[in-house]
Chemist: 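Got a structure for you, written out below as C-alpha cells; questions coming shortly.
Chain identifiers are assigned alphabetically (A, B, ...) following the order of the sequence lines, protein sequences preceding nucleic acid strands; residue numbering begins at 1 within each chain.
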Number of protein chains: 2
Amino acid sequence: MTSPPAFRRSEPDARRADLIAATARVLAREGTGGASVRAIAVEAGVSPGLVGHYFAGIDALVAATYAHVEHTVSEALDAAVAAAGPDPRARLDAFVTASFSPPIASGELLATWTAFWSLVRSRDDIARQHDEQYAAFRARLESLLAECGLPAPRLRHAAIAITALVDGLWLELCLSPQAFSADEAGTIARSVLDALTSSGR
Amino acid sequence: MTSPPAFRRSEPDARRADLIAATARVLAREGTGGASVRAIAVEAGVSPGLVGHYFAGIDALVAATYAHVEHTVSEALDAAVAAAGPDPRARLDAFVTASFSPPIASGELLATWTAFWSLVRSRDDIARQHDEQYAAFRARLESLLAECGLPAPRLRHAAIAITALVDGLWLELCLSPQAFSADEAGTIARSVLDALTSSGR
DNA sequence: ATGCTTGTTGGACAGTCGTACAACAACTGC
DNA sequence: GCAGTTGTTGTACGACTGTCCAACAAGCAT
C-alpha cells in the first residue's frame, strides 16, 4: 500500500523561479505590506522554511523578484521594438508606447517597484542592483535615440529625459489611472520625443 | 516636596504636528520598514498609546505625514517661484529647478513617498488623497505654463508631461544620486521646457 | 483648594514577523 | 533493494507588530 508522494522535489532553478513568481503574485494582490515569508510560501504551495533555503532573506527574495519583473518588462519592450520594423523613429515610438500598455503599465507591478524602492536606501547591494538595471535601461534608450540620428553629445541627456518622462507617466498611470489614459500618456511621450529629436541644442 | 511634572500636555494641533514631524524623521532615518508606532512614539518622546489617540492607525499617520511633507514641498516651490520675479519663464524655470534642490530633492523624503505609494492601491481614502494632491500640483504647473503663453488646448498635456518629467528626475535623483547631478536634472528639465514652450503642436 | 475634564501613560493582548533547525522523505546512483 | 544526498517539512523561537484600555495626573474652572 503506497501513499502518493507528500511533495515533489524540484530543480533548484525551477523552485527558485516558482518562489519569485509567487512573490510577484502576492505583491500584486496584497501589496507591499502583505508580502511575508508565510504568505509567499502558501502562494507557492510550499513550506515556509523553504524560502530560507533558496534566498538569504525576504529582502533578497524581493530583490530577485524585482530583477525578474524588470527582465520581463525588458523583454516586452524588446518585443515591441522588434515588431515595429526597421524605421528608427517607429522603433522609438513602439518603445515608449509599450511602456503604457499591459503587461507593463499595470497597477499590479507597482507594488513590486515600491517594495524594491523601499530597500534601495538601506541596503547597499540593492542600491547597486538598482543602479545597474537603471543604467541598462538608459543605455538601451540611448541606442534607440542614436538610431534616430540624435548627435552623440546629446544622447546622454535625452536618454535621461525620456527615461524620467516614461517613468513619471508610468508611475502616475499606475497610481491614479483616471487622471489620464494610457493613450494620452503615449501621445504626450511621443510629442516630447518629437520636440527632442527635431529641435536643435 | 513637589516632583517635576512627569509629562506636559499639549494642544491637540501641536501634538499632532509633533507626531507627524517625528514620523517624517523616522521614515527618513529608518526607512519604510522601521516606521512603527513604537519607534515614532520614542522619536516624539511620547508614550506609544498616544499615537492611537490622535490618529486612527499607523496608515492614517503615514498619510498625514505625506500630506504635511507635500505641503512643505509646495511652500518651497511657491517661495522659489515668488523669488524668481515677474518674468513668466523665469518663474517656470525656478519651479523645476527648486524640485532638484534641497530640501525637496533629498533621499530622506523618498521613504515618505514610497511608504505613501504603498498604501495607495489598498486604501481608497489614501488613493483619493493622492489624486487630489497630484491634481493640485498639475494645476499649479498649468497656471505657470499659461503665464508663459502656452495656448489653452495644450496646457493639460504639457502639465502632465512636465509633472512626469520632474517626478521621474526627482525619483532617480533620490534613488541613485551618482547617476546624474541635480544641475544636470535642471538643465534637462529646462531644455524640455524650451522644446515644449517654443515648438508648435 | 477642590473637582472635573481629558491628554497621557504604560502595559496587556493576540497576532505576525523573519529566521533557524532537527526530522523526514523523495530522488539518484549504486 | 539499499544507502546517501539533499530538497522539503513543520515547528519552535524571540522579537516585533498594531490596537486597546484602565489607571493616572496635568491643567482649567469653580
Chemist: If you apply the rule ring pair (Phe, Tyr, Trp, His ring centres under 6.0 Å), what do you find for B/Phe137 with B/Phe95, and how did you get there?
Modeler: CA-CA 11 Å; B/Phe137 188 92; B/Phe95 186 89; 5.7 Å; yes
Chemist: Indicate whether the side chain of B/Tyr54 and that of B/Asp13 have a donor and an acceptor atom separated by less than 3.5 Å.
Modeler: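 No - no donor-acceptor pair under 3.5 Å links their side chains.
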Chemist: If only side-chain N and O atoms of A/Arg15 are considered, is one of them under 4.0 Å from the OP1 or OP2 phosphate oxygen of D/dT8?
Modeler: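 Yes, A/Arg15 has a side-chain N/O under 4.0 Å of OP1/OP2 on D/dT8.
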Chemist: Which letters describe nucleotides 18-25 of chain C, given B = protein heavy atom under 4.0 Å from base, S = only from sugar-phosphate, - = neither?
Modeler: BBB-----
Chemist: Between atom CD in A/Glu11 and atom C1' in D/dT8, what is the gap in whole Å?
Modeler: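 Distance check: A/Glu11 CD to D/dT8 C1' gives 16 Å.
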Chemist: Within a strict 4.5 Å, meaning less than it, do heavy atoms of the A/Leu175 and B/Arg121 side chains meet?
Modeler: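 A side-chain contact is absent here, since even the closest heavy-atom pair is not under 4.5 Å.
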Chemist: Does a side chain donor of either A/Arg140 or A/Ser74 reach within less than 3.5 Å of an acceptor in the other side chain?
Modeler: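 The answer is yes; a qualifying pair exists.
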Chemist: Can you find a side chain N or O atom of A/Tyr54 that sits less than 4.0 Å from OP1 or OP2 on D/dT8?
Modeler: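 Yes, such a contact exists.
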Chemist: Rounded to whole angstroms, how far apart are CZ on B/Phe55 and P on D/dC20?
Modeler: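 B/Phe55 atom CZ is separated from D/dC20 atom P by 16 Å.
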Chemist: Ring centres under 6.0 Å, that's the criterion: do A/Phe100 and A/Trp170 meet it?
Modeler: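 Between A/Phe100 and A/Trp170, the centre distance exceeds or equals 6.0 Å.
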Chemist: Hey, are A/Ser143 and A/Glu147 close enough side-chain-wise for a donor-acceptor pair under 3.5 Å?
Modeler: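 No, because no side-chain N or O of A/Glu147 sits under 3.5 Å from a partner of the opposite role on A/Ser143.
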